[in-house]
Amino acid sequence: MQTQESAMDLPAVVELNVGGVFYTTTLTTLTRDQDSTLTHYFTKAPPPKDAKGKFFIDRDGVLFRYVLDYLRNQTLVLPESFREKERLRQEATFYGLPGMVEAVANSPSSSGKQPGFITIGYRGSFAFGRDGLADVKFRKITRILVCGRVNLCRDVFGETLNESRDPDHGLSDRYTARFFLKHSSIEQAFDMLQEQGFRMAGSCGSGTAGGTAADLKPGVDAEESRWNHYNEFVFVRD
């Protein structure tokens, strides 16, 4: 049976897997607050390791970046229009950081909406009917991409935004082209943008493939492949 690593064996640099998001930090940072849950973990009862040897903590991996920043800097700086204060307060409570709990409660709420651009893109085709319904065509969208400033994308799409391909480890004031939505309804994305005061400033599309597709991968429908297309829509909020 594998024995759990003792605090005396812990390295100075610690690799973490928090809810599927990876972090690298120092043992000094993790144990900065002597009464915290993290200090208990890494001085008395280290958490289990995942398959890659990283210490695993079963909590919100995205919000953990704010916990780590608070421990590093002893202050809390939230991005503009941050919308998950209650969830962050719960995380701070779990980690036994009363100073952070108070900082979350006292953090100012953004009264205005930040301006900026968001680009929505999708690759799609058409699914064709069968069994005598070959003329029936249904739009088929595989994934809706979201590109723009990270904190602006979070402000608009909230829990429907999937950040698994581009976790930022605290650098929310940056740009990304690797977010996508957890659903495939382009109209839902448009509605959310409209509700947040965005208007469409431009769009472009690739058209469809047309003729017979060659060298198809196994399992790929030839008719659907003919109608593959890619569209982008640029939205702006002044």
Side-chain angles (χ1 to χ4, degrees), residues 1-110 149-155 158-159 161-180 182:
M1 183 176 66
Q2 184 179 6
T3 59
Q4 198 171 46
E5 189 168 0
S6 68
M8 295 296 293
D9 299 326
L10 292 176
V13 176
V14 180
E15 292 188 331
L16 301 172
N17 174 351
V18 184
V21 181
F22 301 151
Y23 293 90
T24 301
T25 186
T26 66
L27 186 61
T28 301
T29 295
L30 290 173
T31 59
R32 180 153 291 155
D33 189 314
Q34 294 300 306
D35 298 321
S36 72
T37 302
L38 288 169
T39 295
H40 174 77
Y41 281 165
F42 291 98
T43 60
K44 298 179 181 179
K49 290 186 176 182
D50 65 11
K52 294 184 178 180
K54 302 177 188 295
F55 290 105
F56 179 74
I57 300 175
D58 189 17
R59 299 296 298 185
D60 190 307
V62 175
L63 291 180
F64 185 74
R65 64 182 178 270
Y66 300 114
V67 176
L68 204 54
D69 281 348
Y70 176 80
L71 291 172
R72 287 169 177 156
N73 305 314
Q74 294 298 288
T75 186
L76 180 67
V77 178
L78 297 178
E80 188 176 353
S81 301
F82 184 76
R83 298 170 62 184
E84 298 184 287
K85 288 177 62 175
E86 180 57 27
R87 292 183 60 189
L88 184 58
R89 186 193 64 79
Q90 292 179 355
E91 294 303 298
T93 300
F94 171 81
Y95 289 112
L97 298 169
M100 184 176 176
V101 172
E102 183 178 357
V104 172
N106 294 333
S107 63
S109 298
S110 177
R149 196 184 318 136
V150 168
N151 55 13
L152 191 61
C153 295
R154 289 180 182 144
D155 181 43
E159 291 299 311
L161 192 67
N162 192 322
E163 304 181 30
S164 62
R165 295 294 180 90
D166 193 13
D168 60 38
H169 309 299
L171 301 176
S172 59
D173 191 19
R174 65 184 180 89
Y175 292 84
T176 182
R178 295 179 63 84
F179 287 170
F180 58 96
K182 297 177 182 178

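Remember, predicted model here, so these are calculated numbers, not experimental data. Along the sequence shown, residues are numbered consecutively beginning with 1.
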Nearest 0.5 Å, what's the CG-CG distance between Asn17 and Asp50? 4.5 Å

Counting C-beta onward and ignoring hydrogens, is there a side-chain heavy-atom pair between Asp69 and Val67 closer than 4.5 Å? no

Closest heavy-atom pair and its distance - Met100, Tyr70: N-OH, 3.3 Å

Asp33 backbone acceptor or donor facing Thr39 side chain under 3.5 Å: yes

Rounded at 0.5 Å granularity, tell me how far CG in Leu68 sits from OH in Tyr95. 9.5 Å

Closest heavy-atom pair and its distance - Leu78, Ser107: CD1-OG, 3.7 Å

Checking Arg154 against Glu84 for the salt bridge (Lys or Arg N to Asp or Glu O under 4.0 Å) test, could you report, in this order, the C-alpha distance in whole Å, the side-chain angles of both residues, the deciding distance, and whether it holds? CA-CA 10 Å; Arg154 289 180 182 144; Glu84 298 184 287; over 6 Å; no

State whether the side chain of Thr176 and the backbone N or O of Val150 hold a donor-acceptor pair below 3.5 Å, judged by distance alone. no

Can you measure from OG1 (Thr37) to CD (Glu91) and round to the nearest 0.5 angstrom? 11.0 Å

Residues Leu30, Val14; criterion side-chain contact (heavy atoms from CB on, under 4.5 Å); working and verdict: CA-CA 9 Å; Leu30 290 173; Val14 180; 4.0 Å; yes

Sequence neighbours left out, what passes side-chain hydrogen bond (donor to acceptor under 3.5 Å, both in side chains) with Thr25? Give chain and number order. none

Any side-chain heavy atom of Val104 within less than 4.5 Å of one from Leu76? yes

When rounded to the nearest 0.5 angstrom, what distance separates CG in Leu38 from CG in Leu71? 6.5 Å

Which heavy-atom pair separates Pro47 from Ile57 by the least distance, and what is that distance? CG-CG1, 4.4 Å

May I ask you to check whether over 12 heavy atoms, not counting those of Gln74, lie within 6.0 Å of atom CD? yes

Looking at Lys182 and Glu163, does any basic side-chain N land under 4.0 Å from a carboxylate oxygen? no

Could you tell me whether the side chain of Arg65 reaches within less than 4.5 Å of the side chain of Tyr23, counting heavy atoms only? yes

Strictly distance-based, threshold 3.5 Å: is any side-chain N or O of Lys54 a donor or acceptor partner for the main-chain N or O of Phe22? no

Can Arg59 be said to sit on top of Phe64's aromatic six-ring, NZ or CZ under 6.0 Å from centre and within 45° of the ring axis? no

Would you indicate whether the side-chain heavy atoms of Cys153 and Phe179 approach each other to under 4.5 Å? yes

Indicate whether the side chain of Asn73 and that of Thr75 have a donor and an acceptor atom separated by less than 3.5 Å. no

Side chains of Asp35 and Leu97 in contact at under 4.5 Å (non-hydrogen atoms): no

Are Leu63 and Tyr66 side-chain neighbours, meaning at least one heavy-atom pair lies under 4.5 Å? yes

Give a yes or no on whether the ring-centroid distance for Phe55 and Tyr41 is below 6.0 angstrom. no

Which residues pass the side-chain contact (heavy atoms from CB on, under 4.5 Å) test with Glu86, not counting sequence neighbours? Arg89, Gln90

Backbone N/O of Arg72 and side chain of Arg32: donor-acceptor pair under 3.5 Å: yes

One should read off an interatomic distance between Phe42 CZ and Thr26 OG1, to the nearest 0.5 angstrom, of 11.0 Å

Heavy atoms, side chains only, cut-off 4.5 Å: are Leu27 and Pro11 in contact? no

Test the Lys49-Phe56 pair against the cation-pi criterion, namely NZ or CZ under 6.0 angstrom from the six-membered ring centroid and within 45° of the ring axis. no

